[in-house]
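Report on the structure given below.
First the proteins, then the strands, lettered A, B, ... as listed; each starts at 1.
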Protein chains: 2
Amino acid sequence: MKPAQLTQTISDTMIDLRKSERKVAEFVLKEPLGVIRMRIVDLAQQAGVSEPTVVRFCRAVGCHGFQDFKLALAQQLASSPSYGQIAVTDTDSTREYTHKVFDSTVDTLLKLRDSLALENLEAAVAAICNAQRVEFYGFGASAAVAFDAQHKFFRLQITSAAYSDPHLQNMSATSLQPGDVVIAISQSGRTQALLDSMELVKRSGGIVIGLAPSGTPIAHSANIAIEIDAKEDIQIYTPLSSRIAHLAVIDVLAIGVAQKKGPQLQAHLQQLQSGLSSLRID
Amino acid sequence: MKPAQLTQTISDTMIDLRKSERKVAEFVLKEPLGVIRMRIVDLAQQAGVSEPTVVRFCRAVGCHGFQDFKLALAQQLASSPSYGQIAVTDTDSTREYTHKVFDSTVDTLLKLRDSLALENLEAAVAAICNAQRVEFYGFGASAAVAFDAQHKFFRLQITSAAYSDPHLQNMSATSLQPGDVVIAISQSGRTQALLDSMELVKRSGGIVIGLAPSGTPIAHSANIAIEIDAKEDIQIYTPLSSRIAHLAVIDVLAIGVAQKKGPQLQAHLQQLQSGLSSLRID
DNA sequence: GCATTTCTTGTAAATTTTTTACATAATTCA
DNA sequence: TGAATTATGTAAAAAATTTACAAGAAATGC
């Protein structure tokens, strides 16, 4: 019924439109973000046509009326915030680049949310719950993610460790028991040393969960691949959003495990909390 | 400005609402998908209240009026298909909590984006650019943030270190030169050991940038406070979103520094990139 | 426990916004 | 070029939203 991509429909319908309706179409495509806050009179004026023409345009693109049209447009724009150009330039003000950093991060997260393979997540959660030991391997920016993950899972009463040193990884990998889990984290998906460690894990009978971009060697090599295709900012600084994307996925795994472990955990966490409070001041 | 996750806002605001407004809130949360196609009369009737009450409800949750409210709701639903009526399947609960993690993270980020004190960010960037050394201190979950930050700033050709050990922090703090910068990261804002380290830094003439919730001792004690009030998930696990919020702020700082350092950096980063590629496979 | 004040909520009116009806202008085709 | 057709705008009607206000409920003080 409702076209998923309204702007697409508008482009497609364009040739069938009358001259003044086309003016409306062009204006909408040029400034879709502005349109969703406009009244019909504003849009009519700005497009240089009369109000009924706007209504006729809305009907022509398959909507029931103007309100209906705005709603559909708003929905489309909500799912692709990238409509507003996100790229930090030299001349950006503090406010601008702050917004851009947040917006692009949010954008990455929303896209990732909808592209995650749920069955792999479930498999990963199940594997983690069954493991005696859970370890996190990562280098560079992924090392910080690994340590964060370790901290988080440790709190969930899971024996976990994080290694960012290939020697330590190798040593630990060879001592794993069948069923133990290693989560290999890589933003590039192509780190040779990590692949080597993964090989050792698999030889020990361990299960490797890979957090890496799809189609990369690490995603292929993992027993359970959680593919994370965060749009890399190739500019000034590397793994920015992708790192946060990885953390979010770790969070999802942690929640999944927490849910599975159930209420036994609650008591433990409360205890932990009271222990921590002695380190804090009022 | 506009709440990203309207339903979240509605839940949060619920306690402040009057009885009949709450009826509207409950109805909206129960059937959000239906509401976006309703007129104000329909919603009023179905919720069992009068039309002005609906308008008052819309205002109470931060919208300008009913239309505005519907628009915001539509936008959220467009980006959270989980709200759509989907038959309960085996994968559904996974889907649900996955969405919750992402949605609440996004929510936190957007709220933070609009509440950051820009002038403090600018002051922080300026301080970092002037420093000979930049160090990151944090414990627990904030330790991972500190290491991530260290990694990021190191790439920007800034002599940086990260310590999550109070002894190392103290030793390093006493050896700082005036003008050097320490970024103290705390999700609680009340870690005693961190406050002690900060005191030492200040005695050495160093500048302390504090990343902590507003109104906390660490925020007060810092020379430049960047207040981060991420809604803590009191549930199963602690610092979840707040940790990502801290990372995002670090990103903003890094961008700010990168921008100030200007193009001289570009060449350096390219060099770095080619160096890294030897560690990766094709 | 009653009177007074304050806060809630609905009714009805006013305003705003959208849509329809119709007339005029523009275009097409013979 | 002129009749027919289509396109567009004007103005009025309808619909929807918002405001003003009054009645009712709850809370507070005496």
Side-chain angles (χ1 to χ4, degrees), chain A residues 1-3 6 9-10 12-75, chain B residues 1-3 6 9-10 12-75:
Chain A
M1 177 76 193
K2 198 97 295 175
L6 185 55
T9 312
I10 297 176
D12 294 348
T13 324
M14 191 80 91
I15 43 163
D16 299 331
L17 294 178
R18 324 191 214 292
K19 206 162 26 182
S20 55
E21 284 167 21
R22 202 169 305 172
K23 282 194 214 164
V24 182
E26 275 158 11
F27 185 85
V28 170
L29 290 181
K30 201 179 72 193
E31 226 173 287
L33 223 64
V35 171
I36 62 175
R37 305 250 149 241
M38 285 183 186
R39 309 189 317 258
I40 198 167
V41 275
D42 304 322
L43 177 52
Q45 195 220 316
Q46 298 222 29
V49 301
S50 69
E51 287 122 62
T53 300
V54 174
V55 175
R56 282 189 281 262
F57 159 77
C58 296
R59 305 252 161 92
V61 296
C63 297
H64 186 262
F66 180 67
Q67 288 298 341
D68 193 39
F69 167 78
K70 276 212 309 191
L71 223 54
L73 187 63
Q75 296 215 345
Chain B
M1 177 69 60
K2 196 100 295 171
L6 186 55
T9 312
I10 296 175
D12 294 348
T13 322
M14 190 79 92
I15 43 163
D16 298 330
L17 293 179
R18 324 192 218 289
K19 209 165 23 194
S20 54
E21 283 167 19
R22 203 169 303 174
K23 281 194 216 165
V24 182
E26 274 156 13
F27 184 85
V28 169
L29 290 180
K30 203 179 69 195
E31 225 174 289
L33 220 64
V35 171
I36 62 174
R37 304 248 149 248
M38 284 183 186
R39 307 190 319 257
I40 198 167
V41 274
D42 304 322
L43 177 52
Q45 193 220 314
Q46 298 222 29
V49 300
S50 70
E51 286 123 62
T53 300
V54 174
V55 175
R56 282 189 281 263
F57 159 77
C58 296
R59 304 253 161 91
V61 296
C63 296
H64 186 263
F66 180 67
Q67 288 298 343
D68 193 40
F69 167 78
K70 275 210 312 189
L71 222 54
L73 186 64
Q75 297 216 349

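- Between Ser20(B) and the phosphate of dT9(C), there is a side-chain N or O to OP1/OP2 separation shorter than 4.0 Å.
- Residue Phe66(A) holds its CZ atom at 10.0 Å from CZ of Phe57(A), rounded to the nearest 0.5 Å.
- The structure places CD of Glu31(B) at 13.5 Å from CD of Glu26(B), a figure rounded to the nearest 0.5 Å.
- For the pair Arg56(A) (side chain) and Glu21(A) (backbone), a donor-acceptor distance under 3.5 Å is absent.
- The structure places CZ of Arg59(B) at 6.5 Å from NE2 of His64(B), a figure rounded to the nearest 0.5 Å.
- Here the CD1-CD distance, from Ile36(B) to Gln75(B), works out to 10.5 Å after rounding to the nearest 0.5 Å.
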Item to complete: Produce a footprint string for nucleotides 15-29 of chain C: one letter per nucleotide, 5' end first; B if the base is under 4.0 Å from any protein heavy atom, S if only the sugar-phosphate is, - if neither.
Response: --SSSB------S--

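- Between its opening and closing five pairs, the helix from dG1(C)-dC30(D) to dA30(C)-dT1(D) changes axis direction by 20°, a value rounded to 10 degrees.
- Looking at Val35(B) and Phe69(B), their side chains come closer than 4.5 Å, going by heavy atoms from C-beta outward.
- In this structure, Gln67(B) and Leu71(B) have side chains that are not in contact, with every pair of non-hydrogen atoms separated by 4.5 Å or more.
- Using a cut-off of 4.0 Å between Lys/Arg side-chain N and Asp/Glu carboxylate O, Asp68(B) and Arg37(A) are scored as salt-bridged.
- Using a distance-only test at 3.5 Å, with no hydrogens or angles considered, a donor-acceptor pair links the side chain of Lys70(B) to the main chain of Met38(B).
- Between chain B and DNA chain D, the heavy-atom contact criterion of under 4.0 Å yields a 5' to 3' nucleotide range of dA16(D) to dA26(D).
- With values rounded to the nearest 0.5 angstrom, Leu43(A) atom CG is found 12.5 Å from Lys23(A) atom NZ.
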